[in-house]
2 protein chains.
Amino acid sequence: MIQRSSKNATIIEVARRAGVSSATAGRVLGDYGYSSPEVQEKVRAAAAALGYRPNRLAKGLITGKTQTIGVVVGDIESPFYASVLRGIGDVARRGGFGVIVTNSDENAELEREAVQLLLEKQVDGLIVSSTFADQPDHLREAVAARCPVVQFDRIVAGLETDSVVVDNVSVTRSSIAAMIEAGHSRIGILAELGPGQRDDVGSFVANVDLSSADVRYHHPSWQRLLGYLEAHRAAGIEPDLQLIRRVAVYSSEAARKEALDLLTMRNAPSALFTADGVMSTGVLEATSALKLAIPGDVSLLCFDDLDWMQFVAQGITAIAQPAHLIGAAGAELLLKRLAEATLPFEHRVLAARVVERNSIAVHVQLQAGRSEVP
Amino acid sequence: MIQRSSKNATIIEVARRAGVSSATAGRVLGDYGYSSPEVQEKVRAAAAALGYRPNRLAKGLITGKTQTIGVVVGDIESPFYASVLRGIGDVARRGGFGVIVTNSDENAELEREAVQLLLEKQVDGLIVSSTFADQPDHLREAVAARCPVVQFDRIVAGLETDSVVVDNVSVTRSSIAAMIEAGHSRIGILAELGPGQRDDVGSFVANVDLSSADVRYHHPSWQRLLGYLEAHRAAGIEPDLQLIRRVAVYSSEAARKEALDLLTMRNAPSALFTADGVMSTGVLEATSALKLAIPGDVSLLCFDDLDWMQFVAQGITAIAQPAHLIGAAGAELLLKRLAEATLPFEHRVLAARVVERNSIAVHVQLQAGRSEVP
DNA sequence: CTGAAAGCGCTTACAG
DNA sequence: CTGAAAGCGCTTACAG
């Protein structure tokens, strides 16, 4: 009969009931050290009778391991982060780890507080999409405290951590190349291009070294711009700065305005590339206001970190980040490092998938030419 | 100068450096008991110099409080649960709590393991959407171990817990009433109606006591059927069992088949009510296959626990659960109980919102009549 | 207001 | 293979 008392039985009580020392009871219950089969049976019986439940706090205090991963995301409500968390959670469960999740709201101070809390809770490792560009002191502290960190989506330079990102440059390059091949020569790009770069777009376009390793530290939307530029240069098309729209803030309202301006300009683009889901939403609002059909009047290719399914449902080609895999890969890297601290740091690059409706290839779906804007 | 050593300083080292006892250092750092201003200053300086970071494991072990909430959801990737988690996370942060999140995949065994893990980690309380109908032993154990539980979305009967749910019956009743008022007399309903009821639909319809308090323990889709029934009875319409479709599984594929059958039956309904987002997806696939317009040929009202925005974007009226508020309310209830264990248990019922595009009212948007099915 | 001592529930050397 | 003792990093009575 399992005892359902209010306070949980301890190893000492189990030991007393089994007639052994607490060290021995600990060995069989904690599954370490040696113990004879007879003793094991007695202890387990006593534990079951008392409804013994191990206290992981005490174990963590003594072993220095809590079997807990701390995660910092921008906003758990965003489909991208939710999916990443799913991937993390699956791998963590298999490894017997718990996951503490915190939202940073992409806010520096909240991120710092979150990391602090997680370190105080003695997490074994941290998986973070950091909002910091220059001052990642809190992450340095974590590393210094021997708490391994895995970065994903965005990478802060100069930290000794593993990382997982999507190959933004190459997947954008090949997708834009397909648009060009389909007959588009004037392709607009709408991207946040917010943080992480001091340059204005013009000097970025003029000066960026496409072969530099620093590209990995650019924020995703800048990397996507890079892929856009590479595709144009490969095709011998000089990119028109008028077609490159920096929305600067992560807001569909701002994107809508920029898109309206882009679509009604003289010599308007025949196709649009949006660097993320919020930008896409802005474009859809703009085309709806202008009564333009998509696809048809305008071809749209959407790099989506939000809910790409809704775009695909509308016949729009979307580049879907493997968000679930990002999380799983991050957690795998972390668990690997927890198992063996001496591994060299790993920078894992995942390929995004191009997703289309009815399996129509990108270059088929895209059409050159569009009707006049009213 | 902050020391960045690999192992963290303890209260004992801070005390030594400050020239006080560890008890005193603990008092000022832990913000409890008395200490003179001079001592406080010395201790704080020493702590800063050593880069002291409190170990919450040790504190938790001794106080019995970890400042951690455990949450069990079906799937963090679902927009409904993600939003609930956002609400929980916000309230938890304000209260200085961390949140450990686990996915049950609506699987009994995984849910049991998750709760077990959370209890071993000594969470202060649990917020759970349980998949269990009859055997919530794991939740009983939690309550017995003085770990307060808050249930949401679905409620298991017979547990001494707080709970937060949406008022499924009344919001469905009034929405269906609006459909009836708009001229629909044959309204189809597509609902999972899976777990939690032994009855078949016919005997449920015949026997259910609408005024019974047990209604709160029905699963959401059964409650929504109840609202559907109430609206019909209030309007003096005898519900046609042919129009009530039990999909039984939570699958859009199954919903699509059922919807196809419903829409092509003799005397087909002029309007459809779908009890959740997966059912809605199935209906949209079916109407698309039949080349029916929505709204127009068919009026659709969707009770959505998934991403209602995409339905609204298509001009469909949706009933949106206040998922964010569900989470916040759940966390608030929990924190309240943690502060004062003797409160009576609370069953909080939130009203869902009816969301429409362009503020068109439900009864305007719904139109009677539909074209023939090919 | 401060300190010495005990203890939270475990695990870890170290003897036997 | 088992037990007595020490200790993880804190907090809590209890004296002073």
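We use all heavy atoms of the structure for the numbers below, so side chains are in, but hydrogens, waters and symmetry mates are not.
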Short side-chain N/O contact to D:dT2 OP1/OP2 from A:Y34, under 4.0 Å: no

N or O in side chain of A:S21 less than 4.0 angstrom from D:dG3 OP1/OP2: yes

B:K59, NZ atom: more than 12 neighbouring heavy atoms under 6.0 Å: no

In this structure, how many angstroms lie between the [atom2] atom of [N] and the [atom1] atom of [X], rounded?
| X | N | atom1 | atom2 | result |
| --- | --- | --- | --- | --- |
| A:L61 | D:dT11 | CG | C1' | 13 Å |
| A:Q122 | D:dC8 | CD | P | 14 Å |
| B:I11 | D:dC10 | CD1 | P | 5 Å |
| A:L119 | D:dG9 | CG | P | 16 Å |
| B:L29 | D:dT11 | CG | P | 8 Å |

Residue whose nearest DNA chain D nucleotide is more 5′ - A:S22 or A:S36: A:S36

Are [X] and [Y] ion-paired here, with the side-chain N under 4.0 Å from a carboxylate O?
| X | Y | value |
| --- | --- | --- |
| A:E120 | B:R56 | yes |
| A:D90 | A:R86 | yes |
| B:R337 | B:E346 | no |

Can you figure out which of [options] approaches the side chain of [X] most closely?
| X | options | result |
| --- | --- | --- |
| A:V20 | D:dT2, D:dG3, C:dA4 | D:dG3 |
| A:T63 | C:dA4, C:dT11, C:dC8 | C:dT11 |
| B:R27 | C:dT12, D:dG9, C:dG3 | C:dG3 |

Toward the 5' end of DNA chain C, by each residue's nearest nucleotide, B:T24 or B:I62: B:T24

Sugar-phosphate only, base, or nothing, as touched by B:R56 at under 4.0 Å among non-hydrogen atoms: nothing

